[in-house]
Structure formats: structure tokens, C-alpha cells
Amino acid sequence: MSTTTVTSLPTAADLRAAVRAAFDAIGAHADLAEPGGHGLPASTPVTGDILFTVTETTPEQTHLAITEAAQAFSNWRTTPAPVRGQLVARLGELLREHKADLAALVTIEAGKITSEALGEVQEMIDICDFAVGLSRQLYGRTIASERPGHRLMETWHPIGVVGVVTAFNFPVAVWAWNTAIALVCGDTVVWKPSELTPLTAIACQALIERAAADTGVPGHLSRLVLGAREVGEALVDDPRVALVSATGSVRMGRQVGPRVAERFGRVLLELGGNNAAVVTPSADLDLAVRAIVFSAAGTAGQRCTTLRRLIAHTSVADTLVERIAAAYRTLPIGNPAADGTLVGPLIHETAYRDMVGALEQARADGGDVIGGQRHHVDGASEAFYVEPAIVRMPAQTGVVHHETFAPILYVLTYDTLDEAIALNNAVPQGLSSAIFTTDVREAERFLAADGSDCGIANVNIGTSGAEIGGAFGGEKQTGGGRESGSDSWKAYMRRATNTVNYSSELPLAQGVHFG
Ligand code: NAD
């Protein structure tokens with residue numbers, strides 16, 4: 001498949017200078033050492049270079065960060081929620097001011113095209129706005145008591161330190177989803193970002209510390225710890241961390257979930273997806289093709305909500321595949337910071353190898369592969385740019401059940417809507433799904449109790465690109481957590497049921513007499 005290349009890539013020196021410029025603008029003061037020394041390598045998928053070495057957090061420092069967050073919690077929990085909201089409001093202002101600086105870092109470190117990187121920072125701004133409003137709406141209920149002279153109610157209280165573990169592909173937004181909500185709920189935060197994205201994390205930490213200084217609250221409300229899995233494990237195992245909110249692969253969730261449960265901690269898991277779109281005979285194909293191309297090839301297939309399975313009615317499958325393949329041929333691939341680029345790099349060589357392996361397996365299972373070649377970009381021998389792949393599969397075989405974090409779209413066909421829904425639901429993950437139809441019966445059936453089993457089910461839009469206002473998350477191996485909007489804040493608070501007797505009698509519930 002021939003595709004367009006956005007050829008000119010920046011050099012590692014250009015990217016280092018861009019990181020330093022963004023850090024200066026944001027006011028991030030970190031020791032950005034030359035690559036190769038002792039510490040955490042900060043690399044870029046744009047060229048494949050290691051740009052800097054940053055200081056890793058030691059186990060003692062991680063322990064101290066949790067101690068500081070736990071100490072800060074003792075005052076923060078009794079600070080009135082609307083006052084807590086002022087800190088988040090200031091963070092939102094700083095994010096607006098530094099939107100382009102932070103987005104530039106996201107592009108360098110995660111390889112997102114500029115528009116998507118700006119969108120990710122906009123998500124942070126949106127969640128700050130949402131959380132500020134929420135700071136005046138942490139409502140409990142008053143419930144009708146069965147006893148005279150009694151009031152029955154529910155109240156919500158902060159739970160403590162929230163350990164936030166995040167994935168590389170949303171290096172800043174997922175921190176903001178958790179932190180903005182946790183802070184207005186009265187919790188404090190210790191964040192362990194992906195080891196692949198320490199620079200964006202350092203920048204976010206600088207902004208929250210500035211927001212704290214500007215609003216006169218302690219900076220220890222939100223701490224950053226840098227490192228790989230072992231640093232995350234320290235949060236997972238520490239009984240002072242009341243909630244572990246962990247975003248990443250199913251493999252990570254399998255490790256984190258039981259360990260937190262072992263100590264009766266609370267866990268919020270946002271894990272992998274294997275998202276499908278059903279395209280029915282009545283679908284508006286122009287609209288469907290645009291949505292499919294964005295969901296399947298956008299972010300080079302590296303969103304948890306990326307469209308990975310197309311379930312097309314037999315009457316539209318050939319046309320759809322032709323049109324998607326034609327659109328793919330025009331997608332500019334290359335430097336994610338360049339105007340016009342739509343597909344940036346994969347995060348690293350392992351992601352590329354995984355993609356090659358999945359395509360080999362799909363071929364062995366009878367799949368017909370279009371595209372999926374490595375895309376050579378001048379000056380990027382260590383970077384991994386790929387053409388998005390379309391794979392027509394005879395059946396939903398093992399490889400299709402697996403989330404390969406790369407732009408592979410498996411195409412399956414169906415004859416009846418029941419079959420399509422069964423295919424949609426027959427994978428272990430349950431994050432996002434969509435149906436393209438102009439038939440209201442089909443649309444409603446897809447959203448009904450016996451329709452899609454996913455946490456997100458859309459009609460006539462793709463599987464990716466959710467707004468912050470809704471609760472975000474998925475079922476089955478996606479982990480069951482909900483973050484961001486709606487009433488997701490309840491995961492960050494503990495609920496108390498209070499019964500107040502303002503009478504001089506002592507009636508017992510259920511009419512029980514005792515003595
Ligand atoms: P990953 O699982 O490799 O790493 C995620 C984070 O978990 C990293 O910070 C890592 O250091 C940490 N980690 C790994 N093992 C751990 C352990 N045992 N204890 C504590 N921390 C541990 O994921 P990734 O490659 O960075 O991201 C891609 C994956 O994330 C995909 O599967 C994608 O679908 C998923 N994801 C899900 C969502 C969602 O909201 N559902 C959002 C973004 C990404």
C-alpha cells in the first residue's frame with residue numbers, strides 16, 4: 001500500500017532544545033542529564049533517540065512521598081471542598097497558559113500528532129473545569145427513615161492517598177482525570193507515570209506545584225515518583241494508599257488487582273480494550289469511513305479505545321474495505337509535529353515487533369493483510385513508523401481476541417444483527433464499541449441490555465475520542481473501573497450512612513422489641 005511520508009524529521013538536538021524550551025516556559029526544574037548516565041532514560045519515538053537521563057525515585061524517596069501525601073491528607077480532608085476547588089481552578093488556568101508547551105512535550109515523548117497532543121491537554125483543562133464545578137456538588141442523599149423522629153442520610157468523605165499509575169499513551173490526561181477529581185474530593189495523590197514518559201510527568205508536576213503555591217496550599221498534596229514497575233509496586237503494596245488507580249495493560253491489571261485486594265485496598269482499573277464497530281446495511285458509509293479511519297489509524301493505533309475490529313454486514317464489507325484502504329493510502333505518516341501528519345510513530349521497537357507478529361499470526365489463520373509495512377522515514381532508522389493494516393479474517397481467531405497495541409484493523413462479516421452483537425461481545429475485553437446505522441431499531445438494540453457489553457457503546461461515531469463528561473471505563477478484562485465525569489468521583493470517596501435520632505424514643509428498625 002503506498003502512503004504519503006512527511007519526510008523531514010527533527011534531530012535529537014532539536015528535540016532536546018524543544019524539551020528545554022518547554023521546561024523553561026512551564027517552570028519545570030529537573031536535572032536533564034546527558035543520555036547514558038545512571039537513571040531513567042527519557043527517549044522519543046519520533047527519532048528513536050534517548051534525549052536525557054532523568055533521576056529515578058529511590059524506594060526511600062517513594063516511601064517518603066507517600067508519607068508526605070498522607071500527612072498532607074490530614075488537613076486537606078477538612079479543607080472545604082469549594083476551597084479545594086480553587087487549587088484545581090488554578091491548575092486549569094496554568095494548563096490553558098501552557099497548553100502548547102505541554103502538547104509539544106506529549107508529541108516528543110509519546111509521538112502524538114500535534115492536534116491530538118493539544119486535544120490531550122484540552123482534556124486536562126476540561127476535567128479541571130468539571131472538577132471545580134464538582135467541588136460544590138459532592139452530594140449525599142437524604143433517605144426516608146422508617147422510624148419517627150429519625151433522619152437517615154449518606155455523606156461522602158475523602159478516602160486518603162490515591163496512588164495513580166499511568167500508561168505511556170495518555171501521558172498527561174489520565175493523571176489529570178485522577179488528580180483533579182481526587183483533589184476536590186479531599187484526597188492527596190502520588191503519581192507513578194509510565195517509565196516511557198517521565199518528561200511530561202515532570203512538567204505536570206511543576207504545574208501542580210505552581211498552582212499549589214499560587215493558592216497557598218502545600219505542594220505535598222500531589223507527589224511524583226519516577227521509575228518502572230517496582231516504583232508502582234511500592235504504591236500497590238503500601239497500606240497508606242487507600243485507592244490505587246491504575247491504567248495500562250491487562251497484564252499489569254492482573255498483577256495490581258490481587259495485590260491491592262490482598263490488603264483490602266481499593267482499586268480502579270483502566271485496562272486494555274479490543275474495540276469493535278458494527279456497520280449495518282443502512283449505515284451512512286461516508287460518515288462511517290471517516291469515523292473508522294480516525295478510530296483505527298489515529299494515534300497510530302495506540303489508544304485504549306482504538307478501533308481494532310470492524311464487524312461489517314456482508315452487503316457492505318467489500319465497499320467498506322476498499323474505501324478504508326483508499327483513505328489509508330492518503331494518510332500522511334511521519335514527523336508527528338509537522339503540519340498535515342496524521343500518523344506518527346509507534347512507541348518503540350517492541351510495539352513494532354508485536355505488530356509484525358500479530359500480522360504473521362493473522363496470515364497463518366487465513367487472514368488477508370492489506371498494508372502494515374514498516375514505513376521508512378529519512379533519518380529515523382531507530383524509530384518505528386508503520387502503515388496501518390487492514391486484515392480480512394475468515395473468523396474471529398485467537399489473534400483477534402488479543403489487543404495488539406498498533407494500527408491493525410481486523411475485518412469480520414455478519415449476516416444478522418444478533419451475530420454482529422455476539423462477535424462484538426466475544427472477546428475478553430469490554431471497553432468501547434460502536435454501531436453505524438440509520439435504523440433506530442438496530443441502534444437501540446445495540447445499546448440495550450442484550451446489546452454491546454462494553455463500558456462505552458456509541459451510535460454513528462467511532463470507538464475513540466470520548467468526552468470527559470461521561471464516566472470512562474470498561475467491563476471484563478478492561479477492569480471495571482470508571483474515571484472522569486458523571487459520578488466517577490464516588491470511587492475517590494468513602495460513603496458513610498448516618499442515622500440521627502432527634503426524638504426522645506428509641507424505636508428499633510424492623511419493629512424489633514428488645515427489653
Ligand atoms: P503497561 O501495562 O505496560 O504499563 C502501565 C503502567 O503500569 C506503567 O506505569 C508501568 O510502569 C506500570 N506497571 C506495570 N506493571 C506494574 C505492576 N506490577 N505494579 C505496578 N505498576 C505496574 O501499559 P502501557 O504499555 O504503558 O500502555 C498501554 C496499555 O494501556 C494498553 O493495554 C492500553 O489499552 C492500556 N490503556 C488503557 C486505558 C483505559 O483507560 N482503559 C487508557 C490508556 C491505556
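Bear in mind the structure is a predicted one, so any value in this text is a computation, not a measurement. Read the numbers this way: they start at 1 and go in the same order the structure lists the ligands and their atoms. Along the sequence shown, the residues carry numbers beginning at 1.
- If you check the side chains of Ser245 and Asn178, you find a donor sitting under 3.5 Å from an acceptor.
- A donor-acceptor pair shorter than 3.5 Å cannot be found between the side chains of Thr463 and Asn275.
- For the pair Arg303 and ligand 1, the shortest N or O to N or O distance does not fall below 3.5 Å.
- Remark: Lys112 does not engage Glu109 in a salt bridge, criterion side-chain N to carboxylate O under 4.0 Å.
- In terms of protein heavy-atom proximity, atom 34 (O) of ligand 1 is nearest to Glu403 OE2, 2.6 Å.
- Those atoms of ligand 1 that come under 4.0 Å of a heavy atom in Glu233, given as number and element, are 18 (N), 19 (N), 20 (C).
- Within the set Gly474, Cys304, Ala351, the minimum heavy-atom distance to atom 42 (C) of ligand 1 is found for Cys304.
- A parallel orientation is assigned to the rings of Trp175 and Trp191, their planes being inclined by less than 30° (bins at 30° and 60°).
- At least one heavy atom of Arg251 sits closer than 4.0 Å to an atom of ligand 1.
- Taking the charged nitrogens against the carboxylate oxygens, Arg263 and Asp237 have no contact shorter than 4.0 Å, which rules out a salt bridge.
- Looking only at heavy atoms of the protein, atom 41 (N) of ligand 1 is closest to Leu271 O, 2.8 Å.
- Among protein heavy atoms, atom 18 (N) of ligand 1 sits closest to Gln255 OE1, 2.7 Å.
- Side chain of Thr57 to backbone of Val225: no donor-acceptor contact under 3.5 angstrom is found.
- Residue-level proximity to ligand 1 for Val256 is carried by the side chain, the only part with a heavy atom below 4.0 angstrom.
- At least one donor-acceptor pair under 3.5 Å links the side chain of Ser249 to the backbone N or O of Met252.
- A donor-acceptor pair under 3.5 Å is absent between the side-chain atoms of Arg494 and the main chain of Gly160, judged by distance alone.
- The distance criterion of under 3.5 Å between nitrogen or oxygen atoms is not met by Trp177 with respect to ligand 1.
- Given atom 27 (O) of ligand 1, the protein heavy atom at minimum distance is Ala167 CB, 3.2 Å.
- A donor-acceptor pair under 3.5 Å links the side-chain atoms of Gln205 to the main chain of Ser222, judged by distance alone.
- Every atom of ligand 1 is numbered from 1 in the order shown, and the set under 4.0 Å from a heavy atom of Pro193 is 9 (O).
- Distance remark: protein heavy atom not present below 4.0 angstrom from atom 4 (O) of ligand 1.
- Checking only distances, Lys192 does come within under 3.5 Å of ligand 1, N or O to N or O.
- The nearest heavy-atom contact from the protein to atom 28 (C) of ligand 1 is Phe405 CE2, 3.7 Å.
- With a 4.0 Å cut-off on non-hydrogen atoms, Ala246 does not touch ligand 1 at all.
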His401 vs Arg309, side chain to side chain donor-acceptor pair (under 3.5 Å): CA-CA, chis, key distance, verdict: CA-CA 10 Å; His401 282 79; Arg309 296 177 297 137; over 6 Å; no

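- The shortest distance between side-chain heavy atoms of Gln429 and Arg308 does not fall below 4.5 Å.
- The shortest contact between atom 23 (O) of ligand 1 and any protein heavy atom is with Ser249 N, 3.6 Å.
- Aromatic ring centroids of Phe472 and Trp177 lie under 6.0 Å apart.
- Within the structure, the closest approach of Gly253 to ligand 1 does not fall below 4.0 Å when heavy atoms are considered.
- The nearest heavy-atom contact from the protein to atom 43 (C) of ligand 1 is Asn169 OD1, 3.2 Å.
- Taking atom 15 (N) of ligand 1 as the reference point, the nearest protein heavy-atom neighbour is Met252 CG, 3.5 Å.
- In terms of polar-atom proximity, defined here as any N/O pair under 3.5 Å, Thr166 does make such a contact with ligand 1.
- For the residue pair Thr67 / Arg240, a side-chain donor-acceptor distance below 3.5 Å is found, with atom types taken as modelled.
- The side chain of Val165, and not its backbone, has at least one atom closer than 4.0 Å to an atom of ligand 1 (non-hydrogen atoms only; side chain from C-beta on).
- Using a 4.0 Å cut-off between heavy atoms, Arg259 makes no contact with ligand 1 at all.
- Here's the thing with Leu431: none of its N/O atoms is less than 3.5 angstrom from an N/O atom of ligand 1.
- Between Ser432 and Thr305, the side chains place no donor N or O within less than 3.5 Å of an acceptor N or O (distance only, hydrogens not considered).
- The ligand atoms of ligand 1 that sit less than 4.0 angstrom from a heavy atom of Glu195 are 8 (C), 9 (O), 10 (C), 11 (O).
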